[in-house]
Amino acid sequence: MGATTTLHALPRPPQSGGAQLVPSAVMAMLIFVVTEIMLFAGFVSAFTIMRRSALVWPPPGQPRLPVMETAANTALLLASGVTLVIAHRAFRRHAPDARTPLLATLLLGSAFVVLQGREWVQLLAAGLTMTSSTLGSFFYLVVGLHALHAVVALGLVASAWSRLRRGFLARSFFGVTEVFWYFVVGIWPLLYWRLYL
Amino acid sequence: MATQTMTAGAAGEAHAAHAEQTFWQRYVFSTDHKTIAMQYLFTGMAMAVLGGFFSYVFRMQMAYPGAEVPFWGIVTPAAYNTLITNHGAIMIFWVAMPVLIAAFGNYLIPLMLGCDDMVFPRLNRLSYQIFLLSVLVLFSSFFVKGGGFGGAWTVYPPLSSKAEYNLTPGGSTIFLIAVALEFVAFLMGGINFITTAMNSRAPGMKMYDIPMVVWTIVLASILFMGSVGPLVAGAVMLIFDQTIGTAFFDPNRGGDPILWQHLFWFFGHPEVYVVLLPALGIVAEIITVFSRKKLFAYRTAIYVAIATCVLSFTVWAHHQFIAGIDPRMANIFTVTTLLISVPVAQMMLVYIATLYGGSITFTTPMLWALGFIATFLLGGVTGIFLGTAGSDIYFHDTYFVLAHFHYTFYPIAIIGSFAGFTFWFPKMFGRMLNETLGKIHFWVTITAFSGTFLPLFVTGILGDNRRIPDHRIYPELDTPMLNGLREFATISMVIMLLVQFVFVFNVVWSLRRGKKAGKNPWKANTLEWTADSPPPHGNWKDLPRVYRGPYEYSVPGRSEDYWPQDVPN
Ligand code: HEM
Ligand SMILES: [Cu+2]
């Protein structure tokens with residue numbers, strides 16, 4: 001998308017009465033993220049309604065979600081957000097300096113996904129499955145959807161990092177990556193709060 | 001592909017190269033916004049024919065229950081359910097949305113903003129391709145075991161979630177997948193519309209120089225994207241209920257069926273404004289041109305449209321007054337529902353004030369625009385009876401509701417689309433439509449439309465329930481009075497369908513024989529009228545510059561009664 005816009009804009013001077021407030025690719029990603037936020041809001045409010053109207057909660061005979069371990073995972077994910085902020089600053093100053101913090105983001109984010117995966121394996125073994133209770137259904141659906149987003153976003157981060165290593169990271173591509181990763185990081189504490197606590 | 005995008009932006013000699021594009025590049029895999037608009041337009045029209053045929057079949061069954069319907073045969077209850085379900089879904093998701101938003105949006109936004117194409121042309125092409133895929137997926141649902149989904153377009157569980165109840169195990173899941181794909185297509189389109197409007201306007205075009213129809217289509221896209229998330233969430237949950245046995249909506253196992261209704265209508269009500277807004281925009285363009293007046297209170301109209309968008313998120317539970325929701329909640333939603341009629345009414349007043357004192361010419365597009373105002377008013381007014389929880393307890397699920405929403409959707413999707421199509425036809429194809437045929441088509445259509453749905457208000461008030469395949473099994477619904485009204489409605493709707501052949505003939509004839517249109521046949525101000533008709537690839541040789549707002553008609557002291565946006569003085 002980034003490439004398209006730059007090529008597209010080449011032959012003619014920028015329009016819209018002069019300037020682009022936000023680069024088009026970043027704008028597009030922002031709009032997409034708004035839709036995504038509403039998607040997660042749908043799931044979370046559905047879960048909240050279900051939980052509030054249940055006679056007994058959590059469902060009897062089902063394992064409890066690991067609050068403490070996930071808190072540690074959450075810390076990892078938040079740290080990856082911080083390293084991305086550092087990368088952003090470095091990119092502004094002197095682009096190649098962003099390499100190390102970007103790599104840190106990639107590693108921290110991957111660690112989060114892997115540890116969440118391990119948690120799934122343990123919960124499945126303990127008897128929480130997609131069909132064992134509404135708690136299980138919602139848990140795997142919402143956390144799984146978040147993990148899917150995290151994986152896609154990690155792909156973007158990895159791609160940004162390797163572009164930077166080869167020396168041609170476009171500002172708009174970096175912007176898109178940032179918006180998506182901040183979304184993945186930012187929505188998680190909310191999910192953690194609603195699902196785990 | 002990169003080269004193609006680049007040439008799309010280049011002027012002059014680059015255009016010569018485009019003459020050599022193959023048929024496939026030009027019409028099937030084009031990234032040109034006008035071609036994509038046409039693809040959406042004609043796909044939408046084809047779907048309208050299908051949806052119209054479905055309604056013909058079940059209306060015949062209503063008027064002549066048990067009789068053999070020409071071109072169909074006996075209507076079984078299962079077929080009846082599939083027909084009404086897919087009629088509704090097709091008309092909303094595969095006709096109103098692609099024609100009003102995608103076709104007009106794609107065609108008009110770059111032309112009215114004075115740029116050569118959308119910001120993301122390839123995303124735009126992908127959007128249409130996914131849309132087409134959604135159509136094919138929907139078609140495939142008719143041919144699986146059990147047939148197409150028959151649980152009503154609102155897809156309420158448990159009817160929709162349990163194969164034992166709906167008897168269409170494959171169809172119900174495929175239906176949801178088709179709708180989800182359609183949403184993805186519109187998400188891509190909407191991203192393009194909003195970004196283009198933000199970043200690609202002609203030099204000099206400020207926020208308040210943007211024509212109403214661009215505003216309303218962009219607002220509709222924002223509204224769509226803000227509301228669709230919860231429905232997608234619900235659809236995913238429902239698909240899991242159907243296929244892997246989760247219990248999100250199954251009360252026996254801890255789920256909640258009413259939850260679906262909330263998720264559906266949280267989207268469903270904003271959705272009615274998603275389709276309403278573009279139609280309002282189209283009407284605004286037409287009535288200003290043909291009454292040669294400035295749009296009354298242009299800025300207020302925009303604020304009103306925004307207010308409608310915001311309020312439309314707060315009214316959804318008026319569809320659930322008798323679903324067992326808390327009566328206190330029903331009170332709140334009654335108030336918000338009545339509140340939202342205020343901006344809608346205000347919009348109508350803006351139009352009437354624009355017409356007031358204008359020098360009106362009754363061309364075909366103008367007739368459609370005025371027809372929109374007249375019929376939509378009735379639709380909006382009847383909504384008030386339904387929005388008031390007390391009276392809705394009686395009206396809910398009767399033909400009164402059905403007549404209400406046809407008096408809103410029909411003006412929007414059919415009358416609004418005809419208005420836009422007849423107005424921009426000269427620009428799209430370079431020729432004028434025949435006015436006499438256009439007027440015959442208009443008057444018969446609008447009369448037959450009223451003949452179809454006015455009787456159904458009455459049957460609804462008399463207690464006739466929706467979604468019953470054969471009324472004869474309920475003696476109190478089998479009275480001569482009700483049967484007469486049903487028959488009248490059906491005959492009217494058959495006339496309405498038949499007169500569409502006049503329209504088809506008019507289009508086909510005018511495409512070959514119609515008078516050449518020239519650049520600006522209606523003497524309008526907005527930028528699309530400064531391009532050739534039809535506009536070439538890239539739209540203009542030199543992109544226009546904008547000096548003023550879009551509605552400077554009959555400005556005192558000028559020799560002409562219009563003042564195009566791109567003329568310096
Ligand atoms: C000011 C305006 C409006 C008000 C107050 C209003 C109110 C209502 C209410 C309360 C219902 C629920 C009735 C029931 O099920 O018992 C309803 C149904 C409906 N309305 Fe409206 N409405 C308005 C405008 C519109 C518009 C503009 C559209 C379409 C574009 C629309 C489309 C529908 C549809 C499709 C249904 C029926 C859905 C179904 O059950 O299948 N309405 N309206
Ligand atoms: Cu509604």
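Below, chain A is the first sequence line, B the second, and so on; all start at residue 1. Values below: all heavy atoms of this structure, side chains included; hydrogens, waters and symmetry mates excluded.
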Which atoms of [X] are under 4.5 Å from chain A, going by heavy atoms: the side chain, the backbone, both sets, or neither?
{"X": "B:Phe240", "value": "side chain"}
{"X": "B:Val228", "value": "side chain"}
{"X": "B:Ile258", "value": "neither"}
{"X": "B:Val236", "value": "side chain"}

Handout entry: Option in B:Val546, B:Thr246, B:Leu187, B:Asp250 with maximal non-hydrogen atom pairs under 4.5 Å from chain A
Key = B:Thr246
Handout entry: Residue selection (most heavy-atom pairs with chain A, distance under 4.5 Å) from B:Met188, B:His262, B:Arg253, B:Met237
Key = B:Met237
Handout entry: Residues forming a side chain to side chain contact (heavy atoms under 4.5 Å, CB included) with A:Thr83, sequence neighbours excluded
Key = A:Ser80, A:Ala104, A:Thr105, A:Leu108
Handout entry: Non-neighbouring partners of A:Ala90 that pass side chain to side chain contact (heavy atoms under 4.5 Å, CB included), sequence neighbours left out
Key = A:Arg93, A:Asp97, A:Ala98
Indicate whether the side chain of [X] and that of [Y] have a donor and an acceptor atom separated by less than 3.5 Å.
{"X": "B:Glu271", "Y": "B:Ser227", "result": "no"}
{"X": "B:Asp209", "Y": "B:Gln565", "result": "no"}
{"X": "B:Asp117", "Y": "B:His33", "result": "no"}
{"X": "B:Thr173", "Y": "B:Gln242", "result": "yes"}

Completion exercise
Taken to the nearest 0.5 Å, the spacing of B:Cys309 SG from B:Ile222 CD1 works out to 7.5 Å
Exercise for the section: Please confirm whether A:Arg165 makes a cation-pi placement over A:Trp161, using NZ or CZ under 6.0 Å from the six-membered ring centre and within 45° of the ring normal. Expected result: yes
Problem - Steps toward side-chain hydrogen bond (donor to acceptor under 3.5 Å, both in side chains) verdict (A:Thr48, A:Arg52) - result: CA-CA 6 Å; A:Thr48 307; A:Arg52 288 291 226 59; over 6 Å; no
Exercise for the section: Only pairs at least two apart or in different chains count here, so list each ring-ring contact (aromatic ring centres under 6.0 Å, His included) that has a residue in residues 48-106 of chain A. Expected result: A:Phe47-A:Trp57, A:Phe91-A:Phe174
Handout entry: Contacting region of A:Pro23 [heavy-atom separation from chain B under 4.5 Å]
Key = backbone
Exercise for the section: Give, as side chain, backbone, both or neither, the part of A:Ala46 having an atom under 4.5 angstrom from any heavy atom of chain B. Expected result: both
Exercise for the section: Would you please go through residues 123-159 of chain A and name the residues with a non-hydrogen atom below 4.5 Å from one of chain B, in numerical order? Expected result: A:Met130, A:Thr131, A:Thr134, A:Ser137, A:Phe138, A:Leu141
